A.B. asks: 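My questions will all concern the structure given below.
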Amino acid sequence: MQVLEGPSARRALTRSFNDLPVPESVLARIESTFGERLTPQQVVERILADVRERGDDAVRDWTERLDGVRPDALRISAQDLAAAHIEPELHAAVRLAISRVRAFYEQQPAHGFLNHGPDGALGQLVRPLGRVGVYVPGGLAPLISTLIHTAVPAQVAGVPEIVVATPPGKDGGIHPAILVAARELGLSEVYRVGGAQAIGALAYGTASIAGVDKIAGPGNLFVVIAKRLVYGVTGIESLPGPTETLVLADDSADPRFVAADLLAQAEHLGAEPVLVSTSRGLLVAVQAELNGQLEALPEPNRGWARDSVTSRMKVVLAASLDEALDLANLYAPEHLCLLTRDPWSLLGRVQRAGGVFIGEDSMEALGDYVAGPSHVMPTGGTARFASPVNVRDFQNIISVVGVNRETLRRIGPAGAQLARAEGLEAHARAIEGRLTGDTGGGTTD
Ligand SMILES: NC(=O)c1ccc[n+]([C@@H]2O[C@H](COP(=O)([O-])OP(=O)(O)OC[C@H]3O[C@@H](n4cnc5c(N)ncnc54)[C@H](O)[C@@H]3O)[C@@H](O)[C@H]2O)c1
Ligand SMILES: N[C@H](CO)Cc1c[nH]c[nH+]1
Ligand SMILES: [Zn+2]
């Protein structure tokens, strides 16, 4: 176990989404698929260009090449959606997750304002987006919960059209629980397409898939790079990529739970587990626990988690809780788990994270499913400027300017001054013309 401290810890935890290391396993898969060592960005550029050019045919070709099945119909039929069935306990869990996420987002203040005051009226109109695409990851594991954690905030925002894209399984189908969740949410437009080809189809539109105003939802490197590249053609909410968890623990933490929380996220593809502790003894105990718990996992989960732990895990010894928090804020993790004697006392110093999970009973895995806030959170350091999926991601804000003549008299001259300082004479005249009646042309009275 390599333990980082001081400046080396700071260096290891400083990152930017654009410079994230690409796992060797991803590069190897690219080489075997494409016959050359392309970067993920080059791969995504090829796929997007092809989907833009050839539409559905390209979507089918790339799905066949990358997912091993050639879908005839891209859209899941109404009959298949209606027929999807899961065990009653799982069905009840889907319903519970939907109701808890909905109840959480219904509390988010998301309305506008229009103040009629002495200035006249100034305000913000808030309108739901028209058509949103929700990406649901499904390469390694069918993330049923992600559909709920992305679509529900969009529904609370009032989005009338929500469409779902998720990769097909080896049999060409979609996991029945994803279909049941879609049905429970009242969503009927579900497409069996994943990866960059799904993002391209949602952005550019194809004969089968009408383009959307915004694409939301997480995915692997190919998915988030594709989202970044189509931004502008369509909107995106953020770049929620390969997951990461920073556990901040002191000597009071139970090493079994620290290890369990690190491993829970380590089993996501390309995940980065980070442990920052003020206790060397805890670091050693967690390492032993990790080894034991890893061996006890079934395959293929053990392999996925081992890949994250052996190639990307970072272990840091901090001199104090203050330093530990500084490092956590520097790293800006998707998940920050506080396993300390008095975790609530640290909350005020948390500045940058997708979500904070406070104490032993609020493990991040609970947040993945049924706690309430969306588990779709910014990764790769983007929590410095981005937020978890929320109702605002699915709304437009329209500024309203309706000042009265008296206000115009008072503030107009300053506007004209600024316009002339910018060298923009027509701006100045547009303002002054309202006050003087002279707009400079002299053709009409
Ligand atoms: N940040 C978050 O909020 C959040 C939430 C859930 C999941 N995630 C992340 O989502 C990711 C899910 O990844 P996944 O792979 O299981 O599912 P995915 O659906 O994101 O990606 C699968 C698709 O990737 C494409 N792909 C795979 N290998 C490729 C290659 N070599 N070249 C081109 N395209 C390729 C394929 O088209 C495939 O359909 C994980 O990294 C997980 O951590 C993040
Ligand atoms: N931890 C993942 C990224 O926040 C989300 C997830 C879905 N299912 C399980 N986990
Ligand atoms: Zn998870």
Side-chain angles (χ1 to χ4, degrees), residues 17 20 22-23 25-34 37-48 51 59 61-69 71 97 135-150 165-170 174 178 192-201 216-227 237-245 261 263-273 304-305 307-308 312 333-335 354-355 357 363-371 373-380 382-383 386-389:
F17 181 90
L20 293 180
V22 182
S25 54
V26 171
L27 291 171
R29 162 110 206 259
I30 291 176
E31 199 167 2
S32 75
T33 309
F34 292 85
R37 242 182 192 236
L38 301 170
T39 63
Q41 167 129 351
Q42 289 170 320
V43 167
V44 170
E45 282 167 352
R46 276 193 194 182
I47 297 172
L48 290 179
V51 171
V59 171
D61 288 352
W62 285 108
T63 304
E64 183 170 21
R65 195 161 170 194
L66 296 165
D67 296 316
V69 279
Y135 186 83
V136 177
L140 221 54
L143 298 190
I144 307 150
S145 51
T146 300
L147 169 56
I148 297 167
H149 285 234
T150 315
T166 191
K170 291 283 166 251
I174 301 296
I178 292 184
R192 59 183 115 231
V193 51
Q197 58 277 21
I199 303 302
N220 64 16
L221 262 186
F222 300 97
V223 170
V224 274
I225 290 173
K227 280 178 72 178
E237 89 294 21
S238 61
L239 298 169
T243 200
E244 61 212 19
T245 288
D261 289 356
L263 272 191
Q265 298 313 309
E267 74 181 338
H268 287 293
L269 187 79
E272 187 159 283
W304 302 336
D307 179 54
S308 303
R312 281 175 297 284
E334 180 190 9
H335 310 119
F357 299 84
M363 72 293 298
E364 197 279 310
L366 195 74
D368 281 347
Y369 300 107
V370 287
S374 175
H375 71 221
V376 180
M377 294 179 177
T379 58
T382 61
S387 309
V389 159

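None of the values given here were measured: they were computed from a predicted structure. Just follow the structure's listing: the first ligand is 1, and inside any ligand the first atom is 1.
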A.B. asks: Looking only at protein heavy atoms, which one is nearest to atom 41 (O) of ligand 1, and what is the separation?
C.D. replies: L269 O, 2.8 Å
A.B. asks: List the steps and the verdict of side-chain contact (heavy atoms from CB on, under 4.5 Å) for S25 and D307.
C.D. replies: CA-CA 9 Å; S25 54; D307 179 54; 4.2 Å; yes
A.B. asks: Do V224 and P240 touch side chain to side chain, with heavy atoms closer than 4.5 Å?
C.D. replies: yes
A.B. asks: Can you sort out which atoms of ligand 1 are near L140, meaning under 4.0 Å from one of its heavy atoms?
C.D. replies: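 So the answer, numbered in order with elements, is 14 (P), 16 (O).
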A.B. asks: Could you walk me through whether V389 and H149 pass side-chain contact (heavy atoms from CB on, under 4.5 Å), step by step?
C.D. replies: CA-CA 8 Å; V389 159; H149 285 234; over 6 Å; no
A.B. asks: What's the verdict on side-chain contact (heavy atoms from CB on, under 4.5 Å) for T39 and Q42, showing C-alpha distance, side-chain angles and the deciding distance?
C.D. replies: CA-CA 5 Å; T39 63; Q42 289 170 320; 3.2 Å; yes
A.B. asks: Run the numbers for me: atoms of ligand 1, each under 4.0 Å from some heavy atom of Q197, listed by number.
C.D. replies: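 It comes down to these atoms of ligand 1: 37 (O).
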A.B. asks: Please could you name the atoms of ligand 1 that T243 approaches to less than 4.0 Å, counting only its heavy atoms?
C.D. replies: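 Near T243, the atoms of ligand 1 are 43 (O).
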A.B. asks: Is the closest side-chain heavy-atom distance between V44 and I47 below 4.5 Å?
C.D. replies: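 Answer no - side chains too far apart.
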A.B. asks: Of the protein's non-hydrogen atoms, which lies at the shortest distance from atom 4 (C) of ligand 1, and what is that distance?
C.D. replies: P218 CB, 3.3 Å
A.B. asks: Please find out if the Zn ion (ligand 3) and some N, O or S atom of T243 are separated by less than 2.8 Å.
C.D. replies: no
A.B. asks: Does a side chain donor of either Q197 or D61 reach within less than 3.5 Å of an acceptor in the other side chain?
C.D. replies: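 Distance-only check fails for Q197 and D61.
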A.B. asks: Using a distance-only test with no angle check, is there a side-chain donor-acceptor pair under 3.5 angstrom linking T379 and E244?
C.D. replies: no
A.B. asks: So do H268 and D368 actually touch side chain to side chain, heavy atoms under 4.5 Å?
C.D. replies: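 Yes. Closest side-chain heavy atoms under 4.5 Å.
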A.B. asks: On a heavy-atom basis, which atom in V193 and which in T63 lie closest, and how many Å separate them?
C.D. replies: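 Distance-wise, the nearest heavy atoms are CG2-OG1, 4.2 Å.
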A.B. asks: Tell me the protein heavy atom at minimum distance from atom 27 (C) of ligand 1, and give that distance in Å.
C.D. replies: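 Ranking protein heavy atoms by distance from atom 27 (C) of ligand 1, first comes R29 NH1, 3.3 Å.
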A.B. asks: Run the contact test for E334 against ligand 2 with a 4.0 Å cut-off on heavy atoms, strictly below, and give the result.
C.D. replies: yes
A.B. asks: Just which atoms of ligand 1 are under 4.0 Å from any heavy atom in L143?
C.D. replies: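 Atoms satisfying the 4.0 Å criterion: 6 (C), 7 (C).
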A.B. asks: Any idea which protein heavy atom is nearest atom 20 (O) of ligand 1, and the distance to it?
C.D. replies: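 I find the closest protein heavy atom is N220 N, 2.8 Å.
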A.B. asks: Short list, please: which atoms of ligand 1 are under 4.0 Å from a heavy atom of Y135?
C.D. replies: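 Heavy-atom distances to Y135 below 4.0 Å select 18 (P), 19 (O), 20 (O), 21 (O).
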A.B. asks: Less than 4.5 Å apart, side chain to side chain, heavy atoms only: is that true for F34 and R46?
C.D. replies: yes
A.B. asks: When only distance counts, is I47 in polar contact with ligand 1, meaning an N/O pair under 3.5 Å?
C.D. replies: no
A.B. asks: Among protein heavy atoms, which lies nearest atom 9 (C) of ligand 2, and at what distance?
C.D. replies: Y369 OH, 3.2 Å
A.B. asks: Which atoms of ligand 1 are found less than 4.0 Å from any heavy atom of V43?
C.D. replies: 32 (N), 33 (C)
A.B. asks: Please state which protein non-hydrogen atom is closest to atom 8 (N) of ligand 2 and give its distance, to 0.1 Å?
C.D. replies: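 Going atom by atom, the protein heavy atom closest to atom 8 (N) of ligand 2 ends up being S145 OG, 3.3 Å.
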A.B. asks: Do me a favour and list the nearest non-hydrogen protein atom to atom 2 (C) of ligand 2 with residue, atom name and distance?
C.D. replies: H268 NE2, 3.3 Å
A.B. asks: Can you tell me if G241 contacts ligand 1 (heavy atom of the residue under 4.0 Å from the ligand)?
C.D. replies: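 In this structure, G241 qualifies as a contact of ligand 1 - some heavy atom is under 4.0 Å.
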A.B. asks: Starting from atom 38 (C) of ligand 1, locate the nearest protein heavy atom and write down its residue, its atom name and how far away it is, to 0.1 Å.
C.D. replies: D67 OD1, 3.1 Å
A.B. asks: Show, in sequence, the C-alpha distance, side-chain angles and deciding distance for Q41 and L221, and conclude whether the side-chain contact (heavy atoms from CB on, under 4.5 Å) test is met.
C.D. replies: CA-CA 9 Å; Q41 167 129 351; L221 262 186; over 6 Å; no
A.B. asks: T245 pairs by side chain to side chain donor-acceptor pair (under 3.5 Å) with which of E272, E334, H335?
C.D. replies: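 Testing T245 for a side chain to side chain donor-acceptor pair (under 3.5 Å) against E272, E334, H335 leaves exactly one candidate, H335.
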A.B. asks: Identify, by atom number and element, the atoms of ligand 1 in contact range of T379, meaning under 4.0 Å from any of its heavy atoms.
C.D. replies: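 Every atom of ligand 1 under 4.0 Å from some heavy atom of T379: 1 (N).
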A.B. asks: Counting only N and O atoms by type, is there a donor-acceptor contact under 3.5 Å from the side chain of K227 to the main-chain atoms of F222?
C.D. replies: no
A.B. asks: Measure the distance from atom 1 (N) of ligand 2 to every protein heavy atom, then report the residue, atom name and distance (to 0.1 Å) of the closest one.
C.D. replies: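 It is Q265 OE1, 2.6 Å.
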A.B. asks: Any idea which atoms of ligand 1 are less than 4.0 Å away from a heavy-atom of P167?
C.D. replies: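 Result: 19 (O), 39 (O).
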A.B. asks: If you stand at the Zn ion (ligand 3) and look out to NE2 of H268 and OD2 of D368, what angle do those two lines make, to 10°?
C.D. replies: 170°
A.B. asks: Any side-chain heavy-atom pair from P137 and P218 closer than 4.5 angstrom?
C.D. replies: yes
A.B. asks: Does G270 have a non-hydrogen atom less than 4.0 Å from ligand 1?
C.D. replies: no
